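Below is one structure; the comments refer to it alone.
All ligand and atom numbering here is 1-based and tracks the order in the structure. Residues take their numbers from the sequence shown, with the count starting at 1. Nothing here was measured: the structure is a model prediction, and the numbers come from that model.
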Amino acid sequence: MFYTDTRDSNVKVDFRTAVLNGMNPKTGGLYIPTSYPRLNDTILNKASTPSFREIAFEMAKLYTDGEIPENDLNAIIADCYPFNAQVVPIDPTTYVLELFHGPTCAFKDFGARFMARVMSYFNRTEKGPLHILVATSGDTGSAVGSAFHNVEGLDVTILYPAGKISPLQEKQLSTFTGNVRALKVNGTFDDCQKLVKTAFTDEELRSTFRLSSANSINISRLLPQSFYYMYSSLAVKNRAPHDSKIENPSIIAIVPSGNFGNLTSGLIAKRMGAPIAGFVAATNANRTIPDWIASGNYEPRASVRTLSNAMDVGAPSNYERIRAMYSLDEVRNLFASYWLDDAGIKEAIKGCHTKTGYIIDPHGAVGYQAWYDIKTKAMLDLSSGFKNDPATPGLTPNLPSWSDSVINKKAVGIVLETAHPAKFGSIVKDAIGREPVIPDRLEKVMSLPDRAIPMENSYEDFKAWLNENLEK
Ligand SMILES: *Cc1c(COP(=O)(O)O)cnc(C)c1O
């Protein structure tokens, strides 16, 4: 498999180059596959659902296409995924895809662990450390820190917006020692991202350090996220006829989104044969993408703070990849789009718990509510001519190609639950009256000392710090 660039389609690089560069240093563009090979039919059509690991291995084989021998790739996959994605039915036409069973309790573990092991594999033949710079609005930092901690040949600097992530998230990314450290930036997530992006295009800095990224801009974080779309859609395809009593239902993936890496991974899985009819792009008040789908104008903006803070992104990087894969018309056919404000998020956590008994986190809640509203009312209303004002929470006024299946009750939804509810205990408690049970792995980190290094929102300061502190 080869990779091209969202800004220059003449670019053609192998997997190794795409992984180690992070983004194309010449154009600032993002790597995407040049083609999407279909997963082989014996796996797609298996009567019993293949295991998550089997799917991961078969898909990774296509992505790396001989660049990593099968034995090594198998070992990498086994080391990445001692945990699983779990498909949990919460009502006859809704499944929650729990993506929080990894070490940091968020879906980013799936991408970050694969990225770390692949980078370390490719870096074995290089001289000196590979420096990873990563901007985070919450969960990226902890997933990347945890995935890279003590991995040979790799060194990680995490930037996060001071005061804009939860105390637990802060603990999870600022307590590492050794090859992983965190800078606490006096600014927003977009400021952090800009500092990192500027460093990547700084020729002088790049001649001193070998730099790479670890945000969802790195293709090696995006590709492994497609594993769980494939896995869950095949699992749901097999069991939904029993659970829902619908023969051959359309499967809709509902994705709580910020930077849109997760959703882009879903698009890749679909192209490779995952039985997914369509997507719901669900956001909080950072509704740049819903607005784009509604109006046709893409207007990136400053992020605003919400209860689902890992989705607080006003200028989603993966817009570029979505546009490179699909036209606006195609997006409007493939996606429904939905947004929710903070009051709606609290209501959604409460509503989900009351209706199903399931405790959902403030990110997954956006997806839950989008699907609940779409399947019970909003899609029918839209098809009967009611257009929700895009400035108020709800469904964006475009009818995707799969809308009839929802209106005729022939669809089931997979809501991606991107974090464990205990990571946002007080928000959940506000909504349902009690705190979720805290997994051991989260409890442990709370007692570690904080080691974050304060940093002004200034590229000069950031660059000077890198020059003084990183190993050359
Ligand atoms: C990162 C994150 C998201 C958003 O994912 P994107 O790939 O940036 O769209 C959603 N929920 C949680 C908990 C996250 O950590």
Atom indices of ligand 1 within 4.0 angstrom of [X] heavy atoms, with elements:
X: Ser257; value: 9 (O)
X: Ala419; value: 13 (C)
X: Gly261; value: 6 (P), 7 (O), 9 (O)

ring-ring contact (aromatic ring centres under 6.0 Å, His included) test vs Phe52 passes for just one of Phe57, Tyr229, Phe110, namely Phe110

In Phe2, Tyr3, Tyr121, the residue satisfying ring-ring contact (aromatic ring centres under 6.0 Å, His included) with Phe15 is Tyr3

Candidates Lys423, His363, Arg221, Lys108; heavy atom nearest atom 14 (C) of ligand 1 found on Lys108

Among Asn259, Val313, Thr104, the residue with a heavy atom nearest to atom 6 (P) of ligand 1 is Asn259

Does the salt bridge (Lys or Arg N to Asp or Glu O under 4.0 Å) test come out yes or no for Asp341 and Lys346, once each step is laid out? CA-CA 9 Å; Asp341 59 13; Lys346 279 191 206 159; over 6 Å; no

query = Is the closest side-chain heavy-atom distance between Ile254 and Ile414 below 4.5 Å?
reply = no

Does an N or O anywhere in [X] fall below 3.5 Å from an N or O of ligand 1?
X: Asp361; result: no
X: Ala310; result: no
X: Phe260; result: yes

- Message: If we count only N and O atoms by modelled type, under 3.5 Å, do the side chains of Asn284 and Asp312 hold a donor and an acceptor together?
- Response: yes

Spell out, as yes or no, whether a donor-acceptor pair under 3.5 Å connects the side chain of Ser257 to the backbone of Thr283.
no

Contact region, Pro256 to ligand 1, non-hydrogen atoms below 4.0 Å, reads backbone

Check: Can you check whether Tyr319 and Trp292 have ring centres sitting under 6.0 Å from each other?
Finding: yes

